[in-house]
Each structure stands twice: as C-alpha cells, then as structure tokens.
Participant: 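First the structure, then my questions, so here it is.
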Amino acid sequence: MRGRAVLVVVCLLLAGCSTSLPGDPTDLDGATTPEPTEWDGDPENHFRERELTVAVRNDAIPERDYRPLVREALDYWEAESERYAGFPIAYRIAEDEDPDVVVRFVPTIEECGSEDHAAGCAPILTEPGQVNRPVTVRVRGNFSDASTVEVLKHELGHTLGIRHGEPPEAVMQASSNLTSLPQPDARNRTMPWGKPGLFVHVDYGAVPARDRPETREQVNAALGYFGDGANGTVPENVTFYRAETAEEADIVVRFAENAPCTQGSGSCGNLRGTDPDGDGQIERYTALTITLSGIDTEATAWHVGYWLGRGFGLSGEELPPPLASDDPDVRRSEWWT
C-alpha cells in the first residue's frame with residue numbers, strides 16, 4: 001500500500017469520566033432513628049458516637065480484599081473530619097458485631113437518588129435523626145485501588161454531612177476521572193468492539209460519478225468478507241448495518257483528495273476507543289475512520305479490508321493472507337472470493 005501510514009488516535013475516556021459520585025437524602029427512604037436522650041460529646045456529631053464500627057461486605061469480586069482500601073479512606077477522615085466536618089471521628093473495622101456503617105462493594109449501582117450508574121452512593125447525613133444504623137455506603141467494585149479509595153473518601157464524606165463542592169473540594173467534587181482494574185487491550189480481544197453489530201457510513205462525495213458504482217461494489221465486497229468471518233479471523237456474529245450519517249456510524253469510510261497520513265496516494269485508519277484502566281491503551285474500540293486518497297478503484301476493497309482488519313485487532317500475519325500481501329496484483333484482484 002504505497003504511501004500508507006498508520007494513524008491510531010487513542011481517546012482516553014476513563015471509566016467513571018463525568019460520572020457523579022452522589023449522596024442523596026432520598027437514599028434514607030424516610031427512615032429515622034430516634035436521637036439519644038443523652039450525649040455529652042461534640043454537638044456537631046450527628047452519629048452521637050466518638051468511634052464508629054465499620055463492616056465491609058464484598059458482593060463484587062470475591063477474591064479481592066477491599067479492607068485495606070476501606071482502612072485507607074477511614075484513616076483520611078480520622079485525620080480530616082474535625083477540619084472539614086466540624087467534629088472528630090474514629091473508625092474501627094469489625095465484622096463480628098452490629099456495625100454503625102456498612103461499606104458494600106457491588107458490581108453496579110443502577111441508581112442513587114437522581115443519578116444513574118454512579119460510581120458510589122451514600123446518604124448525606126447532617127442530623128442525628130437521619131442516622132439509620134447501619135448506614136450503607138455502596139461502591140462499585142471494579143475500580144483500581146487508587147480510584148476505589150477516591151470513591152470511598154467521597155462517599156464517607158457524605159455520611160459526615162459534606163456535600164458536593166464543599167471542602168475538601170478535591171475529594172467532594174461531583175465528578176471524577178476513575179480508572180478500572182486492568183483489562184485486556186482491544187487488540188488482544190476476540191471482539192475488540194463492545195458489540196457485534198456495527199453501523200457503517202460511506203462517503204462517496206469525492207469519488208467521480210463514473211467510478212462510484214464500481215467503488216461501491218469494492219467497499220461492499222470488503223464489508224461482506226468481514227461479515228462472513230474474514231476467513232475465520234473475526235467472530236462469525238459480526239454484522240454491518242448502514243448508517244445514514246457519519247455521526248450515527250461506528251465505522252466511516254471516506255474518500256478524499258488528501259489522506260491525513262500521507263502526501264501521496266494511500267489510505268489511513270483512525271481508531272478511537274476507551275481506556276478505562278488508564279494504561280494508555282484502548283480496551284474497546286468505539287470508532288474507526290478509514291480515509292482513501294488516490295487509490296485505484298480496483299484496489300479499494302483491499303484498502304478498506306486492510307483497515308477493517310486493523311479495526312478487529314489484526315496485524316501482520318494475523319491478517320487474512322490476501323490482506324497481508326504487498327503484491328499489487330493481489331490488491332487489485334477479487335481476493336475476497
């Protein structure tokens with residue numbers, strides 16, 4: 001492929017990017033606990049206890065020990081609660097007695113007050129009558145250690161009466177960039193996209209009218225080849241659908257006078273995706289743009305097919321043999337038959 005340059009653009013969309021970490025009084029479901037008749041401690045302490053017992057429940061990843069992460073977040077608030085919540089507090093992790101607080105790690109949080117799919121959830125407690133023991137803090141269990149501690153600090157802050165945007169702002173901001181546990185990179189997955197059905201938009205605007213019928217046949221040949229499994233190199237359930245606009249498409253094929261990666265004729269592929277574990281590599285592809293410039297019409301299918309292969313994580317000898325070929329005659333042949 002003369003003049004070809006590979007362009008891969010990684011969009012770092014971290015898991016939890018722009019996701020609220022809410023605590024909402026509606027989580028209390030109207031339940032209240034009578035205020036103790038006698039309390040000689042700090043009047044700002046709505047728990048009416050100097051030391052709170054904390055239980056950790058793991059409904060997420062059985063083999064993962066979350067207790068050290070919970071302890072780290074508790075230590076933070078033991079050091080900072082008087083400064084930011086207005087009263088000192090101590091915590092003790094204890095599994096064998098009735099706890100004051102339960103920290104529950106869960107696979108997902110469908111809703112939390114007015115928020116959907118939150119990273120964590122806890123009630124905002126400011127008055128003794130709002131403390132319904134055990135107070136439950138929910139945290140999604142698939143985050144990295146650092147992000148898990150970040151979410152824990154935030155949610156525990158809500159139980160101390162601290163709202164979004166209040167000091168400490170770095171902990172109590174309403175959204176945060178969170179990273180997940182390590183995940184396989186897209187190129188190492190059998191299905192690097194999050195779905196087998198992909199929408200494709202082809203822009204033939206720059207193709208001369210006389211060449212469009214054959215160009216369309218070439219593009220359809222490449223799509224059909226991959227839709228049939230690409231000689232066993234992609235999953236059999238891959239299906240392509242037509243998208244009316246580029247904005248609706250997962251894959252865009254466009255023809256241009258100049259390709260962004262080469263000065264002469266050639267083709268480029270621009271892959272984008274998500275990086276929830278923050279390792280700088282795409283874990284799931286979300287978009288592929290294929291640009292062809294100055295390509296002979298009879299070689300169009302090969303160029304489109306090559307980049308489709310890259311879009312399914314294939315390179316070098318992993319590609320179907322015709323798409324790994326440097327032979328111009330192969331590229332101009334009906335290699336897909």
Side-chain angles (χ1 to χ4, degrees), residues 13-28 44-47 52 54-61 64 66-91 93 99-127 130-132 134-181 276-278:
L13 302 178
L14 303 183
C17 184
S18 298
T19 298
S20 297
L21 306 176
D24 195 297
T26 57
D27 293 338
L28 297 174
E44 297 296 321
N45 184 341
H46 46 269
F47 282 101
L52 303 180
V54 179
V56 181
R57 302 285 185 260
N58 183 356
D59 298 330
I61 304 175
R64 190 177 185 191
Y66 294 98
R67 288 172 298 178
L69 308 179
V70 174
R71 185 67 259 179
E72 183 176 344
L74 297 175
D75 288 345
Y76 173 84
W77 283 116
E78 285 188 346
E80 302 291 349
S81 64
E82 187 168 12
R83 177 182 179 186
Y84 294 114
F87 59 90
I89 199 73
Y91 296 97
I93 295 179
D100 299 296
V101 178
V102 171
V103 178
R104 187 175 297 278
F105 291 91
V106 296
T108 186
I109 298 173
E110 296 297 338
E111 61 180 40
C112 178
S114 60
E115 302 291 340
D116 295 330
H117 304 289
C121 187
I124 301 173
L125 305 176
T126 58
E127 301 293 336
Q130 294 177 319
V131 179
N132 185 29
V135 173
T136 299
V137 173
R138 291 179 291 154
V139 176
R140 280 169 47 192
N142 64 331
F143 293 117
S144 66
D145 286 357
S147 288
T148 298
V149 172
E150 182 179 345
V151 177
L152 284 165
K153 288 179 181 179
H154 181 101
E155 302 306 336
L156 289 167
H158 283 321
T159 70
L160 296 174
I162 305 173
R163 298 177 181 274
H164 289 158
E166 295 180 346
E169 289 89 348
V171 173
M172 299 309 299
Q173 58 187 333
S175 62
S176 185
N177 292 334
L178 305 175
T179 58
S180 72
L181 291 170
D277 62 7

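Everything quoted here is computed from the prediction, not taken from an experiment.
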Participant: Just to verify, what does S81 make a side-chain hydrogen bond (donor to acceptor under 3.5 Å, both in side chains) with, not counting sequence neighbours?
Facilitator: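 Not a single residue meets the side-chain hydrogen bond (donor to acceptor under 3.5 Å, both in side chains) criterion with S81.
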
Participant: Can you name the residues that form a ring pair (Phe, Tyr, Trp, His ring centres under 6.0 Å) with Y76, not counting sequence neighbours?
Facilitator: none

Participant: Just jot down the salt bridge (Lys or Arg N to Asp or Glu O under 4.0 Å) partners of R57, sequence neighbours excluded, or say none.
Facilitator: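 Counting only residues at least two positions away or on another chain, R57 forms a salt bridge (Lys or Arg N to Asp or Glu O under 4.0 Å) with E95.
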
Participant: Taking only residues two or more places apart in sequence, or in another chain, which ones meet Y84 in a ring pair (Phe, Tyr, Trp, His ring centres under 6.0 Å)?
Facilitator: none

Participant: Would you indicate whether the side-chain heavy atoms of R104 and V137 approach each other to under 4.5 Å?
Facilitator: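 No, their side chains stay 4.5 Å or more apart.
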
Participant: Using side-chain heavy atoms (C-beta onward) and a distance below 4.5 Å, is S180 in contact with D277?
Facilitator: yes

Participant: Can you list the residues that meet the side chain to side chain contact (heavy atoms under 4.5 Å, CB included) rule with D100, with sequence neighbours excluded?
Facilitator: L52, T53, R133

Participant: Please enumerate all residues that pass side-chain hydrogen bond (donor to acceptor under 3.5 Å, both in side chains) together with E44, with sequence neighbours excluded.
Facilitator: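 So E44 forms no side-chain hydrogen bond (donor to acceptor under 3.5 Å, both in side chains) with any residue.
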
Participant: Which residues pass the side chain to side chain contact (heavy atoms under 4.5 Å, CB included) test with L181, not counting sequence neighbours?
Facilitator: I61, R64

Participant: Would you say that E155 contacts R138 through its side chain, given a criterion of any heavy-atom pair below 4.5 Å between the two side chains?
Facilitator: no

Participant: Applying side chain to side chain contact (heavy atoms under 4.5 Å, CB included), can you list everything that pairs with A146, at least two apart in sequence or on another chain?
Facilitator: S144

Participant: Excluding sequence neighbours, so at least two apart, what forms salt bridge (Lys or Arg N to Asp or Glu O under 4.0 Å) with E82?
Facilitator: none

Participant: Do E78 and R71 meet the salt-bridge criterion of a basic N to acidic O distance under 4.0 Å?
Facilitator: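 Between E78 and R71 there is a salt bridge, with a charged N closer than 4.0 Å to a carboxylate O.
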
Participant: List the steps and the verdict of side-chain contact (heavy atoms from CB on, under 4.5 Å) for Y66 and D145.
Facilitator: CA-CA 9 Å; Y66 294 98; D145 286 357; over 6 Å; no

Participant: Taking only residues two or more places apart in sequence, or in another chain, which ones meet E166 in a side chain to side chain contact (heavy atoms under 4.5 Å, CB included)?
Facilitator: I162, R163

